[in-house]
Protein chains: 2
Amino acid sequence: MASMADESGLGKRRANYVPLTPLSHLQRAREIFGEREALVHGRRRHTWREFHERCTRLASALSALGVRPGDVVSAVCPNIPAIAEAHFGVPAAGAVLNAINIRLDPGTIAYILEHSSTRVVLVDSQFLPLVNAALEFHEGPSPTIVEVADPEFGFPPTGRHIEYEDFLAGGDPQAQWRLPDDEWDSISLNYTSGTTGRPKGVVCHHRGAYLMTLGTVITWEMTLYPRFLAVVPLFHCNGWCHTWMMPLVGGTIVCCRNINAESIFDAIRRERITHFGGAPIVLTLLVNAPNEPGYAFDHEVRVFTAGAPPSPSTIAAIEDRGFTVMQVYGLTETYGHVTECLHPPEWRDLDTDERYRRMARQGIRIPVMEEIDVVDRETGDPVPHDGTTLGEVVMRGNPVMRGYYRNPEATEDAFAGGYFRTGDIAFRDPAGYIQIADRLKDIIISGGENVSSVEVEAALMAHSAVSLCAVVAKPDETWGETPCAFVELVDGQTADAEELIAFCRRRLAGFKTPKTVVFQDLPKTSTGKIQKFELRELAKSL
Amino acid sequence: MASMADESGLGKRRANYVPLTPLSHLQRAREIFGEREALVHGRRRHTWREFHERCTRLASALSALGVRPGDVVSAVCPNIPAIAEAHFGVPAAGAVLNAINIRLDPGTIAYILEHSSTRVVLVDSQFLPLVNAALEFHEGPSPTIVEVADPEFGFPPTGRHIEYEDFLAGGDPQAQWRLPDDEWDSISLNYTSGTTGRPKGVVCHHRGAYLMTLGTVITWEMTLYPRFLAVVPLFHCNGWCHTWMMPLVGGTIVCCRNINAESIFDAIRRERITHFGGAPIVLTLLVNAPNEPGYAFDHEVRVFTAGAPPSPSTIAAIEDRGFTVMQVYGLTETYGHVTECLHPPEWRDLDTDERYRRMARQGIRIPVMEEIDVVDRETGDPVPHDGTTLGEVVMRGNPVMRGYYRNPEATEDAFAGGYFRTGDIAFRDPAGYIQIADRLKDIIISGGENVSSVEVEAALMAHSAVSLCAVVAKPDETWGETPCAFVELVDGQTADAEELIAFCRRRLAGFKTPKTVVFQDLPKTSTGKIQKFELRELAKSL
């Protein structure tokens with residue numbers, strides 16, 4: 001510490017030091033935005049006063065059930081009110097929220113419940129069979145199930161567990177929250193959907209979540225009273241922290257239980273949605289929606305996209321539908337988005353192709369992130385900003401996880417060298433914008449040259465018949481590996497392998513052009529990420 | 001701390017814990033907004049890259065002069081580039097910036113330089129005589145003077161001290177910054193312009209300054225690239241932290257050396273100013289400016305007003321001139337504004353008088369402030385939200401000072417009871433909005449009833465002939481005290497005491513109506529606060 005000549009009386013005290021936590025936002029929203037709409041789900045509507053009361057009841061009911069500070073409470077829910085409330089009610093009990101991916105297999109869910117020592121799990125009625133199947137694998141004391149019914153959407157209570165509304169009714173609406181006495185306290189645990197091996201539990205703290213909410217307001221150029229559609233699953237990096245941000249700006253959270261074009265466009269029109277996030281696969285859904293009045297809107301809708309690099313064509317198409325889109329990039333380990341593809345006003349003067357190429361970059365660090373660089377994996381030196389030299393993306397800042405739960409070895413690996421190592425390979429353009437070339441393991445090495453699967457995919461996506469594609473390495477005796485493309489076509493359109501290969505050859509160097517094209521549905525994770533490891537296995541057998 | 005069952009590997013490290021400091025904003029601005037305009041002063045213009053370099057040179061030159069972390073560097077400057085740069089360059093050397101009020105007398109300046117153990121002082125050429133006079137009172141080793149000339153504005157260098165530009169030229173543009181290793185490190189020291197007794201030195205830290213910048217973006221509904229006019233003196237609560245905020249949003253700081261209507265309107269038009277702050281006295285300047293084309297503009301200009309409660313009439317008049325105004329309230333001890341008079345959309349439907357009355361309230365806490373309440377001074381209980389019961393405004397949150405420098409006793413007094421006690425008397429309306437009735441010492445007690453001088457002043461301000469007024473207690477044999485009004489009239493208008501008293505009687509209870517009205521120029525501090533203690537002395541002798 002850089003002490004002044006006399007520091008007497010200048011220490012921390014209750015009046016001038018308060019641990020940072022997004023729970024503060026909800027306390028303020030109750031005071032200031034009390035009668036404004038906080039949450040919408042179908043015909044249900046709650047004000048911030050009601051939302052605050054429900055979260056307080058949840059915290060109180062969890063404590064009454066024996067949940068202690070530092071304990072883990074899990075949720076297996078789509079984007080329904082209970083999981084939004086759990087983002088405040090669980091930490092208000094001093095506990096740690098573990099939102100579990102609803103598309104996982106029972107074995108993995110059992111692993112997560114056990115590894116996290118989950119005390120209580122909130123389960124949407126639709127996913128009770130999944131959790132029950134998981135609990136058959138479960139060893140040790142089973143967590144208590146609180147069932148969350150959603151009758152309006154076709155999931156009435158089964159009657160086999162205490163139902164969420166009854167659980168809340170048993171909580172004290174006046175209970176004192178258990179605010180963190182250290183902002184380094186854990187607020188959430190998120191198991192990464194590892195494509196191989198056991199998932200790792202990413203531990204996040206109150207400080208990082210708080211700062212993310214403040215930084216995101218700036219990144220999204222958000223002013224007061226946004227109407228936010230929760231499309232990104234809250235089990236995916238806590239929905240990029242957006243739920244925690246809404247009370248800060250007096251916004252409204254509109255739940256999106258079913259992710260499809262119809263319900264998204266419907267919400268945009270009827271609820272006057274102004275902001276939502278979604279993986280490129282969601283954008284593709286919207287782009288391919290019918291061009292009918294029911295799928296049009298006349299106000300500004302700002303969209304964050306992340307989870308996979310969108311192609312310039314996807315960005316162009318989503319802008320054509322009237323959306324204002326910005327790509328952001330991050331990982332579960334970084335609370336979601338920590339770069340933003342900031343669109344300077346000067347870009348408006350660029351020709352369209354160049355503008356969309358730039359918008360397809362991952363961009364620069366968001367305000368609350370300290371340092372993001374691309375470094376040579378051997379020397380650790382930053383790569384030049386030349387738009388070609390590849391290196392690994394490394395990061396440093398407050399929105400970086402505490403570490404992996406019960407896995408200090410993986411934590412040390414991830415933090416080797418004083419940075420969080422993302423495992424993503426990228427270059428930087430002359431403006432310093434980062435462009436992800438690939439996941440480390442997705443790079444194709446053909447004839448000794450690095451081929452970015454993302455670059456080949458972008459070339460394919462520019463073809464009007466291609467709806468979605470993924471390019472992976474196919475082992476090759478001559479070249480070591482060659483690019484192999486898996487393609488989904490737009491409904492009603494046709495194209496053959498020869499045509500697509502010729503199309504790519506006009507846009508790419510020979511060694512980057514796919515040698516093989518396969519037409520099939522692509523395997524995807526719940527967050528819209530294409531499961532390349534499956535495709536790589538497939539490519540080997542072709 | 002609420003520990004999880006296993007905390008191994010989850011500690012703080014360089015990759016995931018970075019002390020909060022506004023210096024981070026400038027590092028990011030250099031990376032991202034490098035070629036955008038950072039600073040304008042007359043014909044001078046600097047980009048963020050240049051501004052960063054100048055701050056780095058300043059930090060380096062200060063270190064070379066022997067300034068060590070924790071040392072105090074002072075500035076006696078109006079709003080010129082050097083003081084904006086000092087807000088970054090001084091802390092980048094690990095030192096603490098003490099921006100001194102240029103309107104103080106030499107004796108007080110000598111006291112401040114000594115009390116703060118100032119090592120180096122940056123002095124604008126115009127104020128060299130003042131500082132030289134101060135140094136004649138100074139005991140112990142004198143601080144090194146760096147003279148800041150401003151030839152374009154009529155203040156060429158005297159040649160008697162090293163000049164700021166030469167000082168920067170001697171600094172290393174590549175020097176490493178001395179970033180805080182503890183966010184509790186001091187960033188600034190601000191001596192409050194105490195109306196009686198010696199001024200107290202308010203110590204602020206990097207954490208609070210950082211959070212204020214993030215919170216203010218939300219309060220001011222600011223998006224990217226604002227053009228900010230520095231009207232509020234940077235020696236007053238560091239200009240409410242706005243200079244630290246500008247690199248965060250890629251904005252431009254336009255210096256306002258001379259605070260008068262002409263230069264403000266000129267900057268608004270020529271520099272397309274979008275945001276500035278000013279005390280009500282500055283608003284009055286603008287309201288009373290000629291209604292000529294040179295004093296008109298056609299874009300949105302958002303104005304924060306603070307420093308004294310503006311009357312509803314001042315708010316109405318400033319809106320009529322085309323400004324969007326919001327009142328904020330705070331103290332030097334709270335880094336400036338910590339409440340905002342948030343204007344909910346519903347207020348648009350109110351009748352005009354009621355809307356302006358509400359806009360004259362100080363409002364509710366800003367996003368990064370934890371708790372603000374009005375409490376009974378005897379019991380400490382919160383007052384009801386009834387719009388009448390008076391109590392003291394108390395606060396708690398991260399943007400609250402560390403304490404008073406070398407004055408632990410005053411610090412303990414200020415923090416008695418776990419809150420920062422403001423000494424301001426207020427009530428809360430049914431929506432929870434705070435309205436300051438008075439400084440504790442400005443309350444008038446007439447016939448046992450509390451009379452808020454602010455309320456009486458608002459009544460007087462509604463009279464078209466009144467330009468400015470102040471109401472203080474006048475000792476009275478019968479009533480103990482009675483309200484005594486001092487009034488400045490609008491140029492060319494007339495009114496006599498009888499008329500104003502009658503005007504007030506139609507609006508106020510009898511015991512609140514002034515019994516005495518005096519027409520004269522009001523004594524003011526440099527920040528536009530009317531010096532009521534002088535008027536109280538005057539009232540005694542009437």
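What you see is a predicted model; the values in this text were computed from it and never measured. We name chains A, B, ... by the order of the sequence lines, and we start the count at 1 in each one.
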Problem - When B:Pro344, B:Gly397, B:Gly215 are compared by non-hydrogen pairs under 4.5 Å with chain A, the top option - result: B:Gly397
Exercise for the section: Go through the atoms of B:Glu333 and report whether side chain, backbone, both or neither lie under 4.5 Å from a heavy atom of chain A. Expected result: neither
Problem - Electrostatic pair B:Glu370:A:Arg14 at N-O distance under 4.0 angstrom - result: no
Handout entry: Which atoms of A:Asn16 approach chain B - backbone, side chain, both or neither, heavy atom under 4.5 Å
Key = both
Exercise for the section: Sort A:Tyr404 into side chain, backbone, both or neither according to what part of it lies under 4.5 angstrom from a heavy atom of chain B. Expected result: backbone
Handout entry: A:Thr213 (side chain) donor-acceptor with A:Trp244 (main chain) under 3.5 angstrom
Key = no
Problem - Interface residue of largest heavy-atom contact number with chain B, from A:Arg178, A:Lys12, A:Arg36, A:Glu35, under 4.5 Å - result: A:Lys12
Handout entry: chain B contact via A:Ser8 - which portion, at a heavy-atom distance below 4.5 Å
Key = both
Handout entry: From CD1 (B:Ile32) to CG (B:Leu248), nearest 0.5 Å
Key = 10.0 Å
Completion exercise
Cut-off 4.5 Å, heavy atoms of chain B, and the answer for A:Asp185 is both
Exercise for the section: Heavy-atom pairs under 4.5 Å with chain B are the metric here; pick the option from A:Pro247, A:Gly418, A:Gly403 that has the most. Expected result: A:Gly418
Completion exercise
Bottom line for B:Leu224: the part with an atom under 4.5 Å from chain A's heavy atoms is both
Handout entry: Reported CD1-to-CG distance for the pair B:Ile218 and B:Leu342, which is rounded to 0.5 angstrom
Key = 12.0 Å
Problem - chain B interface, residue from A:Ser117, A:Ala410, A:Gly11 that has the most non-hydrogen pairs under 4.5 Å - result: A:Gly11
Exercise for the section: Measure B:Arg68 against the heavy atoms of chain A and call it side chain, backbone, both or neither at under 4.5 Å. Expected result: neither
Completion exercise
Counting heavy-atom pairs under 4.5 angstrom with chain B, the leader among A:Gly432, A:Pro399, A:Ser3, A:Ala431 is A:Ser3
Problem - B:Arg402 to A:Tyr17, cation-pi by 6.0 Å centre distance and 45° axis angle - result: no
Fill in the blank from the handout: Rounded to the nearest 0.5 Å, the CG atom of A:Asn98 sits from the CG atom of A:Leu113 at a distance of 7.5 Å
Completion exercise
Applying a strict 4.5 Å limit to non-hydrogen atoms, the region of B:Leu20 in contact with chain A is both
Practice task
Could you grab the distance from atom CZ of B:Arg28 to atom CZ of A:Arg365, nearest 0.5 Å is fine?
Solution key: 6.5 Å
Handout entry: Between CD on residue B:Glu300 and CD on residue B:Glu221, distance to nearest 0.5 Å
Key = 9.0 Å
Practice task
With a 4.5 angstrom heavy-atom cut-off, could you sort out which part of A:Pro180 is near chain B: side chain, backbone, both or neither?
Solution key: neither
Completion exercise
When the 4.5 angstrom heavy-atom criterion is applied to A:Pro19 and chain B, the contacting part is backbone
Problem - Non-hydrogen side-chain atoms of A:Met326 and A:His343 separated by less than 4.5 Å - result: no
Practice task
May I ask you to decide if B:Gly251's main-chain N or O and B:Trp48's side chain share a donor-acceptor pair within less than 3.5 Å?
Solution key: yes
Handout entry: Interface moiety of A:Glu409 toward chain B, non-hydrogen atoms closer than 4.5 Å
Key = neither
Fill in the blank from the handout: Answer key: most heavy-atom pairs under 4.5 Å with chain A among B:Phe33, B:Tyr210, B:Tyr433 is B:Tyr210
Fill in the blank from the handout: Of B:Phe420, B:Tyr419, B:Trp184, B:Trp220, the largest count of non-hydrogen pairs under 4.5 angstrom with chain A goes to B:Trp184
Handout entry: Candidate list B:Thr411, B:Val96, B:Val203, test side-chain contact (heavy atoms from CB on, under 4.5 Å), partner B:Tyr405, passing option
Key = B:Val203
Completion exercise
Most contact-rich option vs chain A, by heavy-atom pairs under 4.5 angstrom, among B:Pro69, B:Pro367, B:Gly9, B:Ser186, is B:Pro367
Exercise for the section: Using non-hydrogen atoms and a 4.5 Å limit, figure out which bit of B:Glu371 sits close to chain A: side chain, backbone, both or neither. Expected result: side chain
Completion exercise
Scored by heavy-atom pairs under 4.5 Å with chain A, the best of B:Leu189, B:Val72, B:Thr334, B:Val217 is B:Val217
Exercise for the section: Please round to the nearest 0.5 Å and tell me the distance separating atom CG of A:Leu214 and atom CE of A:Met245. Expected result: 10.0 Å
Practice task
Give me the ring orientation class for B:His205 and B:Tyr335: parallel if the planes are under 30° apart, tilted from 30 to 60°, perpendicular past 60°.
Solution key: tilted
Exercise for the section: Kindly confirm or rule out a cation-pi arrangement of A:Arg13 over B:Phe415, judged by NZ or CZ under 6.0 Å from the six-membered ring centre and within 45° of its axis? Expected result: no
Handout entry: Residue A:Leu10 versus chain B: region with a heavy atom under 4.5 Å
Key = both
Problem - Side chain / backbone / both / neither for A:Leu23 at chain B, heavy atoms under 4.5 Å - result: neither
Problem - Portion of A:Val394 that has a non-hydrogen atom of chain B nearer than 4.5 angstrom - result: neither
Exercise for the section: For the pair B:Arg406 (side chain) and A:Asp6 (backbone), establish whether a donor and an acceptor sit closer than 3.5 Å, ignoring hydrogens and angles. Expected result: no
Practice task
Let me know if A:Glu7 has heavy atoms under 4.5 Å from chain B in its side chain, its backbone, both or neither.
Solution key: side chain
Fill in the blank from the handout: The interface call for A:Glu183 against chain B, heavy-atom contacts under 4.5 Å, is side chain
Problem - Electrostatic pair A:Asp373:A:Arg396 at N-O distance under 4.0 angstrom - result: no
Completion exercise
Checked A:Met222, A:Glu412, A:Met369, A:His25 vs chain B; the most non-hydrogen pairs under 4.5 Å come from A:Glu412
Problem - N/O donor-acceptor pair under 3.5 Å between A:Thr339 side chain and A:Gln362 backbone - result: yes
Fill in the blank from the handout: Checked A:Asn407, A:Leu211, A:Thr223, A:Val249 vs chain B; the most non-hydrogen pairs under 4.5 Å come from A:Thr223
Exercise for the section: Identify which part of B:Asn398 has an atom lying under 4.5 Å from any heavy atom of chain A, answering side chain, backbone, both or neither. Expected result: both
Problem - Max heavy-atom pair count under 4.5 Å with chain A, selected residue of B:Pro345, B:Ser116, B:Gly250 - result: B:Pro345
